[in-house]
There are 2 protein chains.
Amino acid sequence: MLSKKTKYAFHALTYLGKNRDQKTVLIQDIAAEYGISHKFLENILLELKKAGILGSKKGKGGGYYLIKEPKDVALSKVIRLLDGPIALLPCVSLNYYEPCIECQDEGKCGLNKVMIQVRDEMLNVLENKSLADILDKE
Amino acid sequence: MLSKKTKYAFHALTYLGKNRDQKTVLIQDIAAEYGISHKFLENILLELKKAGILGSKKGKGGGYYLIKEPKDVALSKVIRLLDGPIALLPCVSLNYYEPCIECQDEGKCGLNKVMIQVRDEMLNVLENKSLADILDKE
DNA sequence: ATTTACCCTACTTTATTTATAGACTTTACA
DNA sequence: TGTAAAGTCTATAAATAAAGTAGGGTAAAT
């Protein structure tokens with residue numbers, strides 16, 4: 001399951017995507033819409049900004065706005081950013097690889113090989129679905 | 001990511017699958033093979049037994065053995081048993097459904113609709129891969 | 001100058017995962 | 001029939017991660 005952090009990130013991105021006509025959107029507006037703690041959401045939006053997905057403007061009239069096109073915000077990107085690996089085991093993660101200590105020879109591990117296939121099929125879905133797909137269905 | 005519990009379950013099932021010629025296999029043999037705590041593995045094997053995947057025999061000469069055919073032990077079954085939901089959000093889980101409190105109307109939630117598609121594609125993979133696929137690659 | 005809102009750090013609480021302990025039951029076999 | 005071997009069960013502790021709080025600092029608009 002995704003963490004609440006990631007779920008909230010998707011909600012926030014959806015809200016920002018729906019309000020692209022506005023220059024900026026306030027944290028507190030998003031927080032109020034979904035009943036999320038203002039401070040908690042702040043951290044999430046910051047991470048999305050650092051990843052180049054959102055932009056922000058300080059001061060009066062400031063707020064957050066979407067920088068990327070919704071179709072360019074893949075689900076995989078958001079999940080990796082806030083939740084970490086998509087792979088089901090550390091030994092098959094592309095971005096967060098770690099060997100399994102119980103595994104003598106990864107090349108002979110059937111579980112490893114099957115999980116690589118699972119990972120590839122999951123990635124195929126998560127890289128090809130994007131914020132645009134979410135917005136289309138709202 | 002899968003919990004260690006689930007990963008160990010897959011290791012244990014693989015070991016039992018590879019030793020189907022023996023009547024029974026000792027917990028401690030499996031634990032030693034993968035460097036897992038005997039007591040921790042005990043709980044895992046018990047759950048697999050209660051789920052009808054393994055059988056066991058007490059006393060001297062006892063141990064665990066695979067009841068099901070490897071092809072009938074889908075990855076999804078093991079994951080659900082030990083880790084819970086496969087879906088990425090509680091509101092799209094088939095077996096562990098819970099509504100999202102921030103969601104007024106699930107039917108109008110784009111995230112919900114996209115995550116249903118993701119769930120279905122993940123399930124398609126995890127229900128069609130089984131212990132047999134792991135054993136084939138050992 | 002003051003309001004408004006983003007930025008940053010640290011901490012606390014809660015939940016989950018991982019692991020351990022110890023007593024109990026069943027079985028094989030001498 | 002006794003004893004050692006092996007799984008069963010319940011409870012609890014330790015470690016880690018997730019979720020949420022607090023409070024002040026910094027930049028920009030009017």
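As a basis for the values below, the full set of heavy atoms in this structure was taken, side chains included, without hydrogen atoms, waters or symmetry mates. Reminder, nothing fancy here: chain letters follow the sequence lines and each chain counts from 1. Here the structure is a predicted model, which means the values were calculated and not measured.
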- Knowing that exactly one of B:I67, B:V73, B:L16 qualifies, which makes a side chain to side chain contact (heavy atoms under 4.5 Å, CB included) with B:L54? B:L16

- Task: Apply side chain to side chain contact (heavy atoms under 4.5 Å, CB included) to the pair A:C100 and B:K7, showing each step before the final yes or no.
- Result: CA-CA 10 Å; A:C100 294; B:K7 182 170 71 165; 3.3 Å; yes

- Send over the distance from B:Q22 CD to D:dA6 P, rounded to a whole Å. 13 Å

- side-chain N/O B:S56 vs D:dA6 OP1/OP2, d < 4.0 Å: no

- Figure out the CG/P separation between A:L41 and D:dA19, and round it to whole Å. 14 Å

- Query: Of all nucleotides in DNA chain C with an atom under 4.0 Å from a non-hydrogen atom of chain B, which is the first and which the last going 5' to 3'?
  - Reply: C:dT18 to C:dA28

- Protein-nucleotide distance (A:E42, atom CD; D:dT26, atom C1'), rounded to Å: 13 Å

- Atom NZ of A:K4 to atom C1' of D:dA18: distance rounded to whole Å? 10 Å

- Between B:N43 and B:G62, name the one whose nearest nucleotide on DNA chain D is closer to the 5' end. B:G62

- Query: Atom NZ of B:K23 to atom P of D:dG7: distance rounded to whole Å?
  - Reply: 16 Å

- Task: Nearest-nucleotide wise, let me know which of B:K50 and B:G61 is further upstream toward the 5' end of DNA chain D.
- Result: B:G61

- Item | Between D:dT16 (C1') and B:F40 (CZ): distance, integer Å | 13 Å

- Note on the structure: Scanning both residues in full, the closest heavy-atom pair of B:V92 with B:L88 reads CG2-N, 4.4 Å

Ignoring hydrogens and angles, write down the donor-acceptor pairs under 3.5 Å from the side chains of residues 31-47 of chain A, residues two or more places apart or on other chains.
| residue | atom | partner | partner atom | Å |
| --- | --- | --- | --- | --- |
| A:Y34 | OH | A:H11 | O | 3.3 |
| A:S37 | OG | A:K39 | N | 3.4 |
| A:S37 | OG | A:F40 | N | 3.1 |

- Item | Spacing between A:H11 atom NE2 and D:dA19 atom P, to the nearest angstrom | 13 Å

- By salt bridge (Lys or Arg N to Asp or Glu O under 4.0 Å) - contacts of A:E69 (at least two apart): none

- Message: Would you say A:S37 places a side-chain N or O within less than 4.0 Å of OP1 or OP2 belonging to D:dT21?
- Response: yes

- Looking at every strand, decide which applies to B:L45 at a 4.0 Å heavy-atom threshold: base, sugar-phosphate, or nothing. nothing

- Message: Please identify which of these residues, A:N19, A:V25, A:L13, meets the side chain to side chain contact (heavy atoms under 4.5 Å, CB included) condition with A:L66.
- Response: A:L13

- Could you tell me whether B:Q104 atom CD has more than 12 heavy atoms of other residues or ligands within 6.0 Å of it? no

- Item | Nearest-Å distance for atom pair NZ/C1', residues B:K39 and D:dT12 | 13 Å

